[in-house]
Number of protein chains: 2
Amino acid sequence: MTVLETTNPTTNSDDCAGPRRQDRRPDGQDRYTISEVVVFTGLTAHTLRWYERIGLMPHIDRSHTGQRRYSNRDLDWLDFVGKLRLTGMPVADMVRYAELVREGDHTYGERFELLESTRRAVLDRITELQDTLAVLDRKISFYAEADLDAGLARQVESAR
Amino acid sequence: MTVLETTNPTTNSDDCAGPRRQDRRPDGQDRYTISEVVVFTGLTAHTLRWYERIGLMPHIDRSHTGQRRYSNRDLDWLDFVGKLRLTGMPVADMVRYAELVREGDHTYGERFELLESTRRAVLDRITELQDTLAVLDRKISFYAEADLDAGLARQVESAR
DNA sequence: CGCTTGCTTGGAGTGCACTCCAAGGTTTTA
DNA sequence: TAAAACCTTGGAGTGCACTCCAAGCAAGCG
């Protein structure tokens, strides 16, 4: 029975977080197989190939038999893409950004604007989350009190 | 041609944010049709019915002919659900919470824990977004410099 | 009364972001 | 050299959160 293409996201061998990304090799010997990149990024091999298909990656180098060989530069790009993903940016927008990078230096302005509007979206989202947190805290402290006096609690809640 | 079931999220008639929720009627005359609730919540009628089907709503009162009549209490619940949705909580978890509420007072402990872990998730997410913001800012200031070099200073200034 | 608009249902469809599969070729280990 | 593990592709499948549809009943107005 072959396992192939691990799917379990907990099999990351990096349970204790932190920037301990295994052992990147120096430029020149940076020809990583897809499964090494899986370890570096936490993405699945499926996802890495899919990123390439949709144009989110630059063209990845290949071995003489056609297997992917990722470079340190590719890893840097994947790190950045991971950050964009954390912002909640849709994949389509990330692809747009990747296209701009491929098109060359004359797209700096547009890239700047894309990042700026992403930045604003992140700031808005943070504000939104902080507001929500306030509501959550009120509800939580209500339940904490209710814990002390479970009988009256329901009436209090319906009154808000 | 019948329009029915508006789909356009910008047809909210509430473009200028704020808590100006139209005109809630006093308790006793609070029997809103589904389309009134659409205006209050910004959700579509489809979504409101779907929330009911999946058990995210308590049983909604009906007119003598079977049409939904929402109460102020239902509106409060939908507001709270909206907050939970903003946290990114999966709908399945919200349904779980709704079940706990239906089950009665003896589930206070579990509700408390659910809210507490949601709270922690929100805090983590805020931290994550702030970290991401730092990366974004570095990238943006790089582009801002590049823009200056490229003679695009005007754009930079207008962007702040 | 007829017309338009609104509401009902179960079930099917959509868009996103993956996620997996089959069938085969490649590389590493014993 | 043979088995085990790893890699390739195009296309199909999954899960989530809606989103829409068809067919028909209900409500408000001139």
Side-chain angles (χ1 to χ4, degrees), chain A residues 1-12 31-57 59-70 74 78 81-82 84-98, chain B residues 1-12 31-57 59-70 74 78 81-82 84-98:
Chain A
M1 189 181 90
T2 324
V3 174
L4 280 181
E5 313 296 5
T6 179
T7 275
N8 188 343
T10 67
T11 312
N12 201 340
R31 294 176 57 76
Y32 308 99
T33 64
I34 199 165
S35 59
E36 285 176 298
V37 178
V38 164
V39 175
F40 284 133
T41 63
L43 299 168
T44 69
H46 297 303
T47 300
L48 287 167
R49 288 191 280 257
W50 179 67
Y51 277 3
E52 212 177 318
R53 262 194 293 190
I54 64 175
L56 186 50
M57 297 296 296
H59 277 97
I60 303 298
D61 203 17
R62 301 295 173 124
S63 74
H64 70 105
T65 54
Q67 296 194 352
R68 288 171 182 78
R69 294 295 180 259
Y70 291 81
D74 296 327
L78 281 168
V81 162
L84 292 184
R85 210 164 49 111
L86 285 180
T87 69
M89 180 189 277
V91 169
D93 290 4
M94 296 195 259
V95 169
R96 174 75 189 131
Y97 187 84
Chain B
M1 191 180 85
T2 323
V3 173
L4 279 180
E5 313 295 7
T6 179
T7 276
N8 188 340
T10 67
T11 313
N12 202 338
R31 294 176 59 76
Y32 309 98
T33 64
I34 200 167
S35 58
E36 286 177 298
V37 179
V38 164
V39 174
F40 284 132
T41 61
L43 299 169
T44 69
H46 297 304
T47 302
L48 286 167
R49 288 191 279 256
W50 178 66
Y51 276 4
E52 209 177 320
R53 260 193 295 191
I54 64 175
L56 186 49
M57 297 296 295
H59 278 98
I60 302 299
D61 203 15
R62 300 297 172 123
S63 75
H64 69 107
T65 52
Q67 295 194 353
R68 288 171 181 78
R69 295 294 179 259
Y70 291 81
D74 296 328
L78 281 169
V81 162
L84 292 184
R85 209 164 49 111
L86 285 180
T87 68
M89 180 189 274
V91 169
D93 290 3
M94 297 194 257
V95 170
R96 175 73 189 133
Y97 186 84

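Throughout, a chain's letter reflects where its sequence line sits, starting with A, and its residues are numbered from 1.
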Tell me which nucleotide among D:dT8, C:dG10, C:dT19 gets nearest to the side chain of B:R53. C:dG10
Under 4.0 Å between any heavy atoms, over every strand shown, what does A:R69 touch: base, sugar-phosphate, or nothing? Just pick one. nothing
Can you tell which of C:dT9, D:dC20, D:dT8 lies closest to the side chain of B:R62? C:dT9
Among C:dC7, D:dC18, C:dT27, which is the nearest nucleotide to the side chain of A:Q67? C:dT27
Whole angstrom is fine here: how far is it from OH in A:Y32 over to C1' in C:dT27? 20 Å
To the nearest angstrom, the CG-C1' distance between A:L48 and D:dC6 comes to 15 Å
Considering only D:dA26, D:dA17, C:dT27, which nucleotide approaches the side chain of B:T65 most closely? D:dA26
Looking only at side-chain atoms of A:H46, point me to the closest of D:dA17, C:dT8, C:dC20. C:dC20
Out of D:dA17, D:dA26, D:dC6, which nucleotide sits closest to the side chain of A:S35? D:dC6
Just verifying a value: how many Å separate A:H64 NE2 and A:R69 CZ, rounded to the nearest 0.5 Å? 8.5 Å
Nearest-neighbour nucleotide for the B:T44 side chain, D:dT19, C:dT8, C:dC18 considered: D:dT19
Do A:T33 and A:Q67 come close enough that some side-chain heavy atom pair is under 4.5 Å? no
Just how far, in rounded Å, is C1' of D:dT19 from CD1 of B:I54? 14 Å
Closest nucleotide among C:dT27, D:dT19, D:dC7 to the A:I34 side chain: D:dC7
From C:dA17, D:dC7, C:dT19, nucleotide with atom closest to A:T33 side chain: D:dC7
Spacing of A:R49 atom CZ relative to C:dC18 atom P, expressed in whole Å: 15 Å
Nearest to the B:R68 side chain among D:dT19, C:dT8, C:dT19, which nucleotide is it? C:dT8
Between A:R31 and A:D61, is there a side-chain heavy-atom distance shorter than 4.5 Å? yes
